[in-house]
Protein chains: 2
Amino acid sequence: MTTTRDATAPGLARLAGLIADETRAACLLALLDGRAWTAGELARHAGVAASTLSEHLGKLVAGGLLAEERQGRHRYVRLADARVAQLVEELAAQVAPGDAARRPRTLREAGAGAAMARGRTCYDHLAGRLGIAVTDAFTARGLLRQDTGFALTDAGLDWFDRAGIRLVRTGRRPLARACLDWTERRPHLAGVAGAALCRHALDTGWCVRIGSERAVKVTAAGEEALSGLLGIDPVALR
Amino acid sequence: MTTTRDATAPGLARLAGLIADETRAACLLALLDGRAWTAGELARHAGVAASTLSEHLGKLVAGGLLAEERQGRHRYVRLADARVAQLVEELAAQVAPGDAARRPRTLREAGAGAAMARGRTCYDHLAGRLGIAVTDAFTARGLLRQDTGFALTDAGLDWFDRAGIRLVRTGRRPLARACLDWTERRPHLAGVAGAALCRHALDTGWCVRIGSERAVKVTAAGEEALSGLLGIDPVALR
DNA sequence: AGGACGGTTCGGCGGGGACCGAACGGTTCG
DNA sequence: CGAACCGTTCGGTCCCCGCCGAACCGTCCT
């Protein structure tokens, strides 16, 4: 029994090894926006040669972290599923506390940072101050219970129903889940409900994406809707 | 903006790198039992020279994953906190689906495996069939809500109160949290409530540890208590 | 058809890190 | 005090892996 090395260890090491490279880590973080990127975009983003990135993508796909979809001469990749997104998120959140030198270097970086802090998508749900505001409003109105865990209340289910947002349970994914935001350091709504809400917000024009990044902006219609349905002060979102 | 490499990437890669070695992974998994191990025990467990393991421990401690405590000529290490335990758990759970060749090799391995499957600690809470049984009983009795997330109900808070188990909120740790068990593939109760319950169970003799492993056994007193307080059929725990 | 472009494969280079054994310092016990 | 024991430090070896540029293949556009 000495050397009862847990059979899980090799797999765990292999999985962590996929994330343990700075270039691959940068890719995973970029893909946290939930969209599909081409290999070239990722190569430019990470600052390495296309050939290098191609190999990285091969490993990430083989390891099950990414899903790929080939279209013509393009190779699109995205995070394999919500589970992987949660994993990367969680690891990143553990790291964030050590965010030394967090000051922006340039003006446009400052602008982009501010926009991201205001509102963004985190894989498939809302994050940033916007995500926090929504989550807080849910909690304050008794739609979400955070004091004894993290779950929607019956009133919360009603709210989604009345807002015309359908919650479809899929597989084992929880209806509501806390996602720890790494700019706000506070939990916000993720899971099926978070994804449905985000999708609804983008579909109905409550929010729009800014540029091609994952930052989002609340529209005038969105301010009205969020104010009316959840009592969120529009000023807090600007 | 090309090469807008996320500032989090280096930290993420470094963190993952700590887990990306098979020997270190084996240590982390072993430490998931929540107890403190000596360097020598871990070296034997992992099957490497003491000198090698010493370096690994240095890195894990420096990286904040382990906490150390020196006593005489011994160096005890344990997981730094519940957050780290959750991280390792979650990564291991992602790996587990690929549990090919899960058959036990020897009789005693089969015995140990069966005991672990029956009941064990997972860092600081109960897992295995025992953990599932408790969680299911909580849910069936309306003490825990799993359909819309994962949270104790008011009745659940009452139950802990009446059982004389105090729940002390500490820092940001959630009162109730789902931990995905990798033998049962189902969520069970973790967080402050899970830890308090496990501690109470061990303190009052509802359960006892088997040998020096993390497997636990329900005692006669435990069967009575769990049956009386939660309506759990004692036979299901054997 | 021809040229531009996205992605992949391959050879070669370089660095980091996991491992061991030997030697050493501290602690415990006879 | 000396012997056994636990852990650490150090030198040295070896292998893995991330990186690039060049050549190549397939797709898209004109």
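Atoms considered below: every heavy atom in the structure, side chains included; atoms not considered: hydrogens, waters and symmetry mates. In what follows, every chain begins at residue 1, and chains take the letters A, B, ... in the order their sequences are listed.
- Counting to the nearest Å, the C1' atom of dC19(D) and the CD atom of E22(A) are 13 Å from each other.
- Residues forming a side chain to side chain donor-acceptor pair (under 3.5 Å) with S51(A) (at least two apart in sequence, or on another chain): none.
- Remark: P of dA18(C) and CG of L60(B) are 10 Å apart, rounded to the nearest angstrom.
- Residue T23(A) comes nearest to A46(A) through the heavy atom pair CG2-CB, 3.9 Å, listed as atom of the first residue, atom of the second, then distance.
- Pairs engaging residues 188-199 of chain B under the salt bridge (Lys or Arg N to Asp or Glu O under 4.0 Å) rule: R199(B)-D203(B) [sequence neighbours left out].
- No side-chain heavy atom of I210(B) sits under 4.5 Å from any side-chain heavy atom of V216(B).
- Taking atom CZ of residue R75(B) and atom P of nucleotide dT8(D), one finds them 4 Å apart after rounding to whole Å.
- Summarising the geometry, the separation between OH on Y76(B) and C1' on dG7(D) is reported as 13 Å, rounded to the nearest angstrom.
- The 5' end of DNA chain D is approached more closely, in terms of each residue's nearest nucleotide, by G40(B) than by the other of G17(A) and G40(B).
- Note: NE2 (H74(A)) to P (dA4(C)) measures 17 Å, nearest angstrom.
- Residue pairs meeting the side chain to side chain donor-acceptor pair (under 3.5 Å) criterion with at least one partner in residues 55-67 of chain B, sequence neighbours excluded, are R24(B)-H56(B).
- The side chain to side chain contact (heavy atoms under 4.5 Å, CB included) search around A195(A) returns D124(A), R173(A), not counting sequence neighbours.
- Evaluation of the salt bridge (charged side-chain N to carboxylate O under 4.0 Å, His left out) rule for R172(A) yields no partner, not counting sequence neighbours.
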B/S/- contact track for nucleotides 21-30 of chain D, protein heavy atom under 4.0 Å = BB---BBS--

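- Straight-line distance from the CH2 atom of W37(B) to the P atom of dG7(D): 13 Å, rounded to whole Å.
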message = What does the B/S/- profile of nucleotides 12-17 of chain D look like, 5' to 3', with a 4.0 Å heavy-atom cutoff to protein?
response = ------

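- Overall bending of the helix from dA1(C)-dT30(D) to dG30(C)-dC1(D), expressed as the angle between end axes built from five pairs apiece, is 30° (10° steps).
- The CG atom of L42(A) sits 13 Å away from the C1' atom of dG6(C) (whole-angstrom rounding).
- Listed by chain and residue number, nothing satisfies the salt bridge (charged side-chain N to carboxylate O under 4.0 Å, His left out) test with R73(A) (two or more places apart in sequence, or in another chain).
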May I have the list of side-chain donor-acceptor pairs in residues 78-91 of chain B shorter than 3.5 Å, sequence neighbours left out?
from   : atom 1 : to      : atom 2 : distance (Å)
D81(B) : OD1    : R83(B)  : N      : 3.0
D81(B) : OD1    : V84(B)  : N      : 2.9
R83(B) : NE     : Q94(A)  : OE1    : 3.1
Q86(B) : NE2    : E90(A)  : OE2    : 3.0
E89(B) : OE1    : R177(B) : NH2    : 3.0
E90(B) : OE2    : Q86(A)  : NE2    : 3.0

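- Residues passing the side chain to side chain contact (heavy atoms under 4.5 Å, CB included) test with L202(B), sequence neighbours excluded: C198(B), C207(B), R209(B).
- Nucleotide dG17(C) holds its P atom 17 Å from the CG atom of L53(B), rounded to whole Å.
- Taking the salt bridge (charged side-chain N to carboxylate O under 4.0 Å, His left out) definition, one finds that R129(A) meets it with nothing, sequence neighbours left out.
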